[in-house]
Amino acid sequence: MIDYQSHLNPAQWEAVRTVDGPVLVLAGAGSGKTRTIVYRLAYMTQQGVPPQRILLLTFTRKAAQEMLHRAGQLMGHGPAALHGVQGGTFHAFAYSVLRRTPPPGFPDRCTLMDRSDAETVMREIKSTAGLGKGDRSFPKTGTILDHYSKARNKELPLDEVVKQESFHLIPYAGAMQQLCDAYAVFRREKGLLDYDDLLFGLESLFRHDPETLARCRERFSHVMVDEYQDTNLVQDRLVTLLVGTGEPGSMGGNVMAVGDDAQSIYAFRGANISNILTFPDRHHGTRLIKLEQNYRSTQPILDLTNAILSQAQAQFRKQLFSDRTDGPVPRLVRPLSDRTQAQIVCEEIIRQCAAYGPEQVAVLFRAGYHSYHLEVALNRAGVRFRKYGGLKYTEAAHIKDAMAYLRVAVNPADMPSMHRILAQVEGIGPKTAASLFNALMAGDAKTVAKLTKKHPQAADMLALLDRLRAAPPRPVPLLEQILEFYQPILERLHPDDHPRRRTGLEELVQIAAGYEDAGQFLADLHLENPEQPEAEGGPAVCLSTIHSAKGLEWRAVHIIDLVEDRFPSRQALLKAEDFEEERRLLYVACTRARDELSLYVPTSIYKRGQNISEPATASPFLREMGVHVFEEWREGYNGMLSKWGGMAREPGSTPAAPAKAQASPPWQPSAAVPKAPPPVSQAAQPAPGDLGWCRHKVFGRGKLVQHLPPDKYRVNFPSFGLKVILAEYLEREE
DNA sequence: AGCAGCTCAATTTTT
DNA sequence: TTGAGCTGCT
């Protein structure tokens, strides 16, 4: 038996043992929220709730799996003890229902579109409608979809969103509406679901088909929802539909919502903070439990995060406290520029890696591209890092190519996939692909015959697709057929690096091996980001956007680019609510740190357009924080840091303070790509036949792809892509 | 119609 | 730096 009370504090224990009826747990950052959910899962099953009747909705699939795993371990039976618990995101849950029963108005077989599929469809609609042709200020395909999705998630009319978000697009609101209407019709006709359709589709299914709703209610007796502050209106309605609010036939309101209103950072995609604030009003008899003791960070760090929150508009008031009263005061570092910032952070990271290990060090930033300089600096210093929030594995062109065949096998009307496949045939472009697809859909045999005669490869392709559709939907055998057909196309499309891409495709087959059903495989690939297959190479420093860092923690955390226009981002300055969200974002970032926290305010930012560095203003959040919560350091022209108002520090004398290595020369503006000739080692000439790996001063480790006589190589660097480099700048590895 | 090459513009966050 | 979309050539 688990001794719950000795493992949990009183508030946690109350949350764990309150199994029935509505519960709202307000869990401050680092207050043992995950621990509470894990123990509650174990407790519920020990109380006799069958695991398969528990629904655990989390923000990512990974979070759900980790909780189930830990709960299983806790019970000493491994994960099998909780077999049958349904866990994942709202989107994944919705699709698991919709896969069997499509939403009203949709055909029987539907496939899921990701963002770029949606763009393909919208582009096609735009060109059919002939809207925006030759008008340079007409909103881009992506912009239209952004606004459409925002309008749906916030449940506002499109023109209202346009008015709020993009003043300059108001003249185009009518045209945008027209295109979005056509896009909606198209999805219904072709059986294509975008992300938002999953949520609204499930809701409309529940409302139009009481039997399905009844089945779901019967199936689940208890629902837990994590990160409730980031749910939007439709997600909240889905929860209410599932658990009911006490009406007969509902599950009796056994719902636990867990969240922290101070950590709401997804309003931009429609998250509605009042969902959590008004939860007790809407679920009668809600037990409200607050977790306020922080087990993660030292008190000096919490003093700073409390200072951030004290300026926020009051919601549920809370004051985090910790037993860990010791520890260094957070540092505010003012580098001369954004590029010296990279240098300083890099050196600091090297020190911390030695002290804590690389996996305990992270750099967080507002937007993906803010880490560019740092990536260069880390590579040059030979520090391993992994970046989160960037491009995803499933977005690589060849992966999408292969998946498109599989998707057409599941849904023959899948237009973006069909488009993608047909365009692989030499001589077929957007126009021919569109007319062939339309002819196929309309059963226009004459046109099909005419086009396939002209493009024999397309005929082979259609024959393959017919075979795939006739075969049982087992993903591995299907993929094997697909890859056989696709291989020559791959070699033609990517002459310089098809072997590497081939490896990626084989990994895809490996992932598919875990699935019996192709439809399920496709859904999971779209709805979760499969953990990066490049997990090779052991521990690494983490570079991440703050959004992707949610729920994680490290012993040492750096937050860079705390200047106006970057953090808060420029557009957030216009509206008060956006500004508030930026503040919470900073709060989330700072509460990731356990022992050491460093904030960086570069004094100037390099402007890409001109060759000019402009002075930067410190983020307003720092100014309102007050100086007592951090220690301030400035970089001098000699590259040394000195304590503001105090004496210059001797390098290395205070391990807790930023150390700037003396050995490194002062940063030079042109140093992004060093002119100094790197040593030409004798081994620098890679053997032509055996293209292995190499190392570059700036870009780091890369795969040699092709020799370009006489003296250049095409190299693929994991974080920088393909580059052509002079051989003398490369060092052969192993 | 397709394709290469060019110009210009823009850069938030994610299921 | 990258990408999207336009122009002009084949």
Side-chain angles (χ1 to χ4, degrees), chain A residues 57-63 88-95 112-116 118-119 123 126-127 132-143 145-146 149-150 152-153 165 193-199 227 230-232 234-235 264-271 364-370 372-373 375-376 388-392 394-395 423 425-436 451 454-455 523-529 544-550 561 565-573 578 581-582 584-585 588-589 606-609 672-673 720-723:
Chain A
L57 294 170
T58 52
F59 207 68
T60 64
R61 162 77 159 260
K62 215 174 104 200
T89 60
F90 273 95
H91 292 84
F93 168 66
Y95 194 57
L112 216 56
M113 291 191 294
D114 66 10
R115 170 58 184 237
S116 84
E119 283 184 9
R123 230 188 320 273
K126 217 167 119 186
S127 108
K133 229 180 354 190
D135 180 353
R136 269 191 110 63
S137 46
F138 195 88
K140 302 241 156 63
T141 310
T143 311
L145 285 171
D146 284 342
S149 176
K150 203 166 235 182
R152 295 175 82 193
N153 280 290
E165 305 279 329
L193 301 169
D194 65 17
Y195 288 126
D196 300 331
D197 286 332
L198 294 177
L199 304 179
E227 311 279 16
D230 287 324
T231 55
N232 62 21
V234 63
Q235 287 170 329
S264 158
I265 54 174
Y266 280 92
F268 71 89
R269 74 172 204 214
L364 307 181
F365 32 84
R366 178 68 182 82
Y369 68 90
H370 289 169
Y372 180 76
H373 289 307
E375 288 176 47
V376 173
Y388 295 89
L391 278 180
K392 282 186 204 135
T394 42
E395 280 162 15
V425 176
E426 233 172 339
I428 293 188
K431 285 282 187 245
T432 314
S435 42
L436 182 47
L451 289 170
K454 195 167 168 198
H455 304 284
D524 278 9
L525 220 53
H526 276 111
L527 292 172
E528 344 283 340
N529 25 343
S544 174
T545 60
I546 297 169
H547 285 88
S548 303
K550 184 172 186 181
D561 283 330
D565 276 12
R566 288 197 167 196
F567 198 164
S569 81
R570 174 176 307 184
Q571 23 212 327
L573 291 171
D578 290 349
E581 176 146 314
E582 298 284 308
R584 293 192 294 268
L585 201 52
V588 168
Y606 180 74
K607 292 280 168 179
R608 50 210 176 281
V673 177
F720 295 89
L722 281 175
K723 306 257 179 221

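Quantities reported herein were computed from a predicted structural model and do not represent experimental measurements. Hydrogens, waters and symmetry mates play no part in the numbers below; they use all other heavy atoms, side chains included. Residue numbering restarts at 1 for every chain, and letters A, B, ... go by the order of the sequence lines.
Between A:Tyr372 atom OH and C:dT1 atom C1' there is a gap of 7 Å when expressed in whole angstrom units. Between the CZ atom of A:Arg566 and the P atom of B:dT13 there is a distance of 12 Å, given to the nearest Å. One interatomic measurement links the two molecules: NE2 of A:His547 to C1' of B:dT13, which rounds to 4 Å at whole-angstrom precision. The distance between atom CG of A:Leu585 and atom P of B:dT14, rounded to the nearest whole Å, is 10 Å. For the pair A:Arg123 CZ and C:dA4 P, the interatomic distance rounds to 7 Å; values are reported in whole Å. Atom-to-atom, CG of A:Asp146 to C1' of B:dT14 comes out at 11 Å; the value is rounded to the nearest Å. A straight line from NZ of A:Lys150 to P of B:dT14 spans 13 Å, rounded to a whole angstrom. Taking atom CD on A:Glu582 and atom P on B:dT13, their separation rounds to 12 Å, with Å as the unit.
With salt bridges taken as basic N to acidic carboxylate O contacts below 4.0 Å, one links A:Arg152 and A:Asp197. A salt bridge links A:Arg115 and A:Asp146; the closest N-O separation between the charged side-chain nitrogens and carboxylate oxygens is under 4.0 Å.
In the set B:dT15, B:dG2, C:dA4, B:dG2 carries the atom at the smallest distance from any side-chain atom of A:Lys431. Among the nucleotides B:dT12, B:dG2, B:dT14, the one closest to the side chain of A:Pro430 is B:dG2. Listed nucleotides: B:dT12, B:dG2, B:dT15. Nearest to the side chain of A:Tyr195: B:dT15. Here the nucleotide nearest the side chain of A:Thr141, chosen from C:dG5, B:dG2, B:dT15, is C:dG5. The side chain of A:Thr545 lies closest to B:dT13, out of B:dT13, B:dT15, B:dT12. Of the candidate nucleotides C:dA4, B:dT14, B:dG2, C:dA4 has the atom lying nearest to any side-chain atom of A:Lys140. Closest to the side chain of A:Lys126, out of B:dT12, C:dG5, B:dT13, is C:dG5.
Both A:Ser435 and A:Arg269 sit near DNA chain B, but only A:Ser435 has its closest nucleotide nearer the 5' end. Nearest-nucleotide mapping onto DNA chain B: of A:Val425 and A:Asp578, the residue sitting toward the 5' end is A:Val425.
Between B:dT13 and C:dA4, the two P atoms lie 15 Å apart (nearest whole Å). Nucleotides B:dT12 and C:dG5 place their P atoms 16 Å apart, quoted to the nearest Å.
For B:dT13, the OP1/OP2 oxygens have no side-chain nitrogen or oxygen of A:Ser548 closer than 4.0 Å.
Partner of A:Leu585 under the side chain to side chain contact (heavy atoms under 4.5 Å, CB included) criterion, chosen from A:Ile265, A:Leu364, A:Thr545: A:Ile265.
The six-membered or imidazole ring of A:Phe93 lies away from that of A:Tyr95, with a centre-to-centre distance of 6.0 Å or more.
Between A:Phe59 and A:Tyr266, the ring planes lie tilted relative to each other; the angle falls in the 30° to 60° range.
When atom types are taken as modelled, the side chain of A:Ser435 and the backbone of A:Lys431 share a donor-acceptor pair closer than 3.5 angstrom.
Residue-to-nucleotide contacts include a donor-acceptor pair under 3.5 Å from the side chain of A:Arg366 to the base of B:dT13.
Residue-level contact check: A:Gly427 touches the backbone only, with heavy atoms under 4.0 Å from sugar-phosphate atoms and none from bases. As judged by a 4.0 angstrom heavy-atom cut-off over every strand, A:Leu198 is placed among residues making no nucleic acid contact.
Both geometric conditions, a ring-centre gap below 5.5 Å and a plane tilt below 30°, are not fulfilled together for A:Tyr266 over the base of B:dT14.
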